[in-house]
Peer 1: 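Structure provided below as structure tokens; questions to follow.
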Protein chains: 2
Amino acid sequence: MFEARLAQGALLKKVVEAIKDLIEDANFDCNSSGFSLQAMDSSHVSLVALSLRADGFEHYRCDRNVSMGMKLASLSKILKCANGDDAITMKSEDNGDTITFMFESPEQERLSEFDLKLMDIDSEHLGIPDNEYDATVKLPAAEFQRIVKDLSTIGDTVEISVTKDAVKFGTTGDIGNANIMCRQNKAADKPDESTEIDINEAVSLTFALRYLNSFAKATPLSTHAVLKLSKELPILVEYHIPEVGRLAFYLAPKIEDEDSMRD
Amino acid sequence: MFEARLAQGALLKKVVEAIKDLIEDANFDCNSSGFSLQAMDSSHVSLVALSLRADGFEHYRCDRNVSMGMKLASLSKILKCANGDDAITMKSEDNGDTITFMFESPEQERLSEFDLKLMDIDSEHLGIPDNEYDATVKLPAAEFQRIVKDLSTIGDTVEISVTKDAVKFGTTGDIGNANIMCRQNKAADKPDESTEIDINEAVSLTFALRYLNSFAKATPLSTHAVLKLSKELPILVEYHIPEVGRLAFYLAPKIEDEDSMRD
DNA sequence: TTCTTTGTGG
DNA sequence: CCACAAAGAA
């Protein structure tokens, strides 16, 4: 059987809120080392990878590897019934066709159980290469969310350019264009507001803002978002979940349409 | 004539907000002992009973018994024009065809008057038997509201089971099923959060969540909701209005469909 | 506090 | 089937 208890149930609520707009249904894979998910979004453009380590749970038991297919809209409905301060226990029998979510209020006065029917989902388990990246930018998650939201009001794509000591986000649209630049700033006094850049080579890549906006739904999970970029590779947008794991998103860059540049 | 002044006008506002979704028009009955209403909801499934005692009013005068038919949507419109801290005076001449609502701001700086046309409504005055109940559950009103709201996202009906020291709310739906259990807990330190169970016999009854959700609109009137259940009898959901009276709702249980159980 | 979402009434 | 209002989310 599989059984895992998360003292901070709010984490699970936030994770599901962050990915449910991107993915309709997904397999959650459980093994002795933890609880994870990998899935392409519905339009097969971006990829979501969640991993929660076994040791991030208050209690974790997984007798044999299982893959549990869930409809994320249903899962979200159920998790909305948990209070933010509830502890959440997930439980599933081997070969069972449901997963049980138990919510316990801090004083244990109220105990709720929700059984979610599992479903069979074909999933192509994509191996994600563990790349070295040309540039890594760590910036406050709220700031990243604000930037992609603001730029979305102007254009559809964003060009992210990273240089040694600044990252620039630029877009162009019908009404004009916009550029937002964030300087490196290792604010030691306010670590939550630091912006750090680690670079091997300057890169400049263009992405669809629509997906970055979806990724930014993970903002409540972490103080910082980490962007990793390499020429011609998908961007990796990572949210570290303190003590427990991480939620990561991959999105391929827009290839410059060179038709207009040919002579 | 009839004249009654309620210092806490907010009470009247809340009462009308709580019942206007259930009832379109109703007769308000006034006599020397108080102000009351009894009506079936529009679909003739549930029953609403309001009573405000004469001594709950700052001033109360009722020369002869009158029954005043009002359209609740209109009454609600009018009461929305009162501030929460206004005192409300209701006034109606005997044989008059209107009722006047006077709103006075706490400093008497602002005084408003609204006349509402009365209407003739046939009302079957149902005698409500004053039953002894098998089980009484008193729980925080907000918690009851939350439970019926959460369960509504999963299913259409709820099975309420009361045992000596806990009350269980269960439902089943397409995506799975749910159970919420509240333990008895006479929290002496936080009386507003206490859950108390008084039981003669364990009961388990099933109700349409839709109506319970409507009943829960009365939540702002009281810290606690009181559920009274007996086998095969309608559930009574009561909200005590401190110092003034009570708002009660009755709903018949779903009879188990035994077709599927016949051999 | 504002906006989006959902349920209800016409 | 459409529009409004109340409720929840940001």
Side-chain angles (χ1 to χ4, degrees), chain A residues 9-22 24 72-86 140-153 209-210 212-223 225 239 247, chain B residues 10 12-26 39-46 48 70-84 119 141-158 171 173-175 208-221 225 249:
Chain A
L11 283 187
L12 199 60
K13 289 168 65 103
K14 289 176 191 165
V15 163
V16 173
E17 283 312 294
I19 66 180
K20 73 158 209 276
D21 291 333
L22 235 24
E24 285 185 17
L72 282 160
S74 307
L75 177 56
S76 164
K77 268 190 186 177
I78 287 178
L79 292 176
K80 285 220 173 87
C81 301
N83 280 313
D85 56 357
D86 284 355
E143 188 160 336
F144 178 63
Q145 183 173 46
R146 177 67 192 271
I147 289 167
V148 293
K149 193 194 95 204
D150 284 353
L151 294 187
S152 299
T153 66
L209 278 163
R210 180 186 151 196
L212 297 183
N213 258 310
S214 290
F215 301 170
K217 298 251 161 74
T219 300
L221 282 167
S222 191
T223 58
Y239 293 85
L247 178 56
Chain B
L12 199 60
K13 288 169 65 100
K14 289 176 192 165
V15 164
V16 173
E17 283 312 294
I19 65 179
K20 74 159 209 279
D21 291 331
L22 237 23
I23 307 171
E24 285 185 16
D25 9 65
M40 299 289 287
D41 77 283
S42 322
S43 53
H44 270 244
V45 172
S46 64
V48 179
M70 305 185 208
K71 180 177 280 290
L72 282 160
S74 311
L75 176 56
S76 164
K77 271 190 187 174
I78 288 178
L79 292 176
K80 284 222 174 84
C81 303
N83 281 313
M119 52 196 297
E143 188 159 338
F144 178 64
Q145 184 172 45
R146 175 72 190 271
I147 289 167
V148 294
K149 194 197 91 205
D150 282 352
L151 293 186
S152 298
T153 66
I154 311 289
D156 298 327
T157 61
V158 59
T171 193
D174 293 341
I175 69 166
L209 278 163
R210 182 188 152 195
Y211 293 97
L212 297 183
N213 259 311
S214 289
F215 300 170
K217 298 249 162 73
T219 300
L221 282 167
F249 303 91

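Each chain gets a letter, A, B and so on, in the order its sequence line appears, and its residues count up from 1.
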Peer 1: So do the side chains of B:F249 and B:L22 get within less than 4.5 Å of each other, counting heavy atoms only?
Peer 2: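 A side-chain contact under 4.5 Å exists here.
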Peer 1: Rounding to a whole Å, what distance do you find between B:I23:CD1 and C:dT8:P?
Peer 2: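 The answer, rounded to whole Å, is 16 Å.
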Peer 1: Heavy atoms under 4.0 Å is the rule here; annotate nucleotides 4-10 of chain D 5' to 3' with B where the base is hit, S where only the sugar-phosphate is, and - elsewhere.
Peer 2: --S-SS-
Peer 1: Would you be so kind as to tabulate the donor-acceptor pairs closer than 3.5 Å made by side chains of residues 71-82 of chain B, with sequence neighbours excluded?
Peer 2:
unit_1	atom_1	unit_2	atom_2	d
B:S76	OG	B:E17	OE2	3.0

Peer 1: Does B:T157 offer a backbone N or O that forms a donor-acceptor pair with the side chain of B:T171 under 3.5 Å?
Peer 2: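 Side chain of B:T171 to backbone of B:T157, a donor-acceptor pair under 3.5 Å: yes, one is there.
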Peer 1: For A:G9, does its backbone N or O pair with a side-chain atom of A:D86 as donor and acceptor, under 3.5 Å?
Peer 2: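 Checked: no pair found.
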Peer 1: Could I get the full list of salt bridge (charged side-chain N to carboxylate O under 4.0 Å, His left out) partners for A:D21, not counting sequence neighbours?
Peer 2: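 Partners of A:D21 under the salt bridge (charged side-chain N to carboxylate O under 4.0 Å, His left out) test: A:K217.
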Peer 1: In whole angstroms, how far is the C1' atom of C:dT8 from the CZ atom of B:R210?
Peer 2: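 For the pair B:R210 CZ and C:dT8 C1', the rounded distance is 10 Å.
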